[in-house]
Amino acid sequence: MDKQFFETAMKSFISAAPGNAVQKEAALRPDLEGMRIFDEPLFGYAGAEDPYFLDLKKPGVIGDHFVLPGSWLAGAKTVISLFLPFTKQVKDANRANMDWPADEWLHARIEGQEFQHVICRYGADRLEQAGFAAAAPMIDPRFFSRTTPPRADEKGPAFFTSNWSERHVAYACGLGTFGLSKGLITRRGMAGRLISLITQARFEPDTRPYTGVYEYCTRCGKCARNCPAKAISLETGKSHPVCSAFLEATREKHRPRYGCGKCQVGVPCENGIPAGSASGRQ
Ligand code: B12
Ligand code: SF4
Ligand code: SF4
């Protein structure tokens with residue numbers, strides 16, 4: 001299987017699958033029935049043995065709980081990362097009120113995440129049908145993430161973390177660099193979601209067109225000014241506990257959905273690499 005065949009199959013599936021549109025029974029408003037969630041994805045590839053993955057096990061980067069590609073899938077040859085940009089409708093709506101998430105964004109966060117799982121399953125099946133074993137950590141029972149602060153009686157390093165960070169994996173696959181808000185900035189911007197696959201198929205790794213972890217960020221501070229929770233600052237970076245507490249407040253208001261993402265819209269890195277960054281358009 002070559003990259004072109006794989007990417008064409010993935011793009012066709014994402015474009016046509018019913019999961020990429022809000023279904024009537026889920027729609028928060030009648031006019032949102034049929035709203036598309038994701039545009040065409042970007043793809044990035046890294047060798048499963050790339051020493052960069054070993055660096056992710058270092059304290060302060062992710063930590064020893066990060067699970068290497070070959071431990072998810074014995075004989076792994078390639079890691080494939082996909083950035084799924086949100087549609088204009090989702091992004092525009094979330095810019096209209098900078099205090100609370102738009103209905104469109106809530107759908108993109110919740111129904112979008114359900115569809116991410118479907119895409120992972122489809123991608124792994126597609127590779128397996130071509131004779132190559134595949135895994136998708138996001139839907140693997142061994143995957144864990146911590147999105148809440150520790151309870152008073154809990155100890156341990158693994159808070160606000162996971163054993164497979166999609167942004168760090170996307171960075172390894174050449175898709176983009178981190179921003180002050182800690183989101184990953186790609187050439188289609190930051191407003192979207194990330195998924196990944198690990199396979200025994202050998203695909204040519206992409207060259208990372210950057211050397212710095214924050215190379216695409218201009219430190220313009222717009223994400224900090226947008227944040228309704230004041231979780232981001234140019235001096236101290238981004239506070240996960242403050243962001244997480246605000247996400248819980250959105251859950252109280254919009255249960256069972258939640259979300260925010262004001263640091264990903266109305267920012268110079270919303271739709272692309274910002275002008276003026278070390279690698280951006282001038
Ligand atoms: C835990 C989690 C959270 C936590 C903590 C966020 C975080 N940054 O870790 C909370 C609940 C706060 C959160 C909030 C949100 N999240 Co969240 N979250 C996750 C989750 C499940 C795991 C993240 C993880 O593993 N973190 C690990 C720690 C170590 O990451 P970190 O602290 O940012 O890493 C820093 C260090 O590594 C440091 N560093 C130091 N030395 C070095 C050296 C090197 C070489 C490198 C590379 C880095 C490095 O740089 C990094 C950036 O500062 C991922 C899904 C996944 N499996 O990846 C989604 C994910 C990160 N979330 C996502 C999103 C969209 C959100 C929200 C916008 C929610 C929403 N949809 O409304 C908000 C805001 C995001 C933000 N501004 O950070 C997306 C990000 C998409 C993107 N374009 O970047 C992800 C990838 C989900 C997905 N599948 O798409 N999230
Ligand atoms: S809004 Fe500005 S400071 Fe924030 S991540 Fe984007 S480029 Fe960086
Ligand atoms: S998701 Fe919302 S609360 Fe969290 S950092 Fe971004 S703007 Fe702030």
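Numbers here are sequence positions counted from 1. Just follow the structure's listing: the first ligand is 1, and inside any ligand the first atom is 1. Small disclaimer: the values here were computed from a predicted structure and weren't measured.
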Closest to atom 6 (Fe) of ligand 2 by heavy-atom distance, out of Cys269, Ala224, Cys220, Cys217, is Cys269
Does Cys227 bring an N, O or S atom to within less than 2.8 Å of atom 8 (Fe) of ligand 3?
yes
If you measure from each heavy atom of [X] to ligand 1, is any distance below 4.0 Å?
{"X": "Tyr258", "result": "no"}
{"X": "Gln116", "result": "yes"}
{"X": "Met138", "result": "yes"}
{"X": "Leu247", "result": "yes"}

Numbering as shown, the atoms of ligand 1 that approach [X] to under 4.0 Å (heavy-atom distance):
{"X": "Gly183", "answer": "84 (O)"}
{"X": "Phe143", "answer": "57 (N)"}
{"X": "Leu184", "answer": "82 (C), 83 (N), 84 (O)"}

message = Counting backbone and side-chain atoms alike, is an N, O or S atom of Cys243 positioned under 2.8 Å from atom 4 (Fe) of ligand 3?
response = yes
Could you tell me the residue and atom name of the protein heavy atom closest to [atom], and the distance to it rounded to 0.1 Å?
{"atom": "atom 5 (S) of ligand 2", "answer": "Leu180 N, 3.5 Å"}
{"atom": "atom 4 (Fe) of ligand 2", "answer": "Cys223 SG, 2.3 Å"}
{"atom": "atom 31 (P) of ligand 1", "answer": "Arg167 NH2, 3.7 Å"}

For Pro228, the atoms of ligand 3 under 4.0 Å from one of its heavy atoms are 7 (S)
Atoms of ligand 3 under 4.0 Å from any heavy atom of Lys238, numbered from 1 in the order shown, are 5 (S)
Could you tell me whether some N/O pair between Thr161 and ligand 1 is separated by less than 3.5 angstrom? no
Are any of the N/O atoms on Glu166, whether in the backbone or the side chain, positioned under 3.5 angstrom from an N/O atom of ligand 1?
yes
Is Ser181 near ligand 3, meaning one of its heavy atoms is under 4.0 Å from it? no
So, 4.0 Å and heavy atoms of Ile232: is ligand 3 close enough to count as a contact? yes
Answer side chain, backbone, both or neither: which part of [X] comes under 4.0 Å from ligand 1, heavy atoms only.
{"X": "Val213", "value": "side chain"}
{"X": "Arg109", "value": "side chain"}
{"X": "Gln264", "value": "side chain"}
{"X": "Tyr214", "value": "side chain"}

Quick look: Val267 vs ligand 2, heavy-atom contacts under 4.0 Å, and the answer is side chain
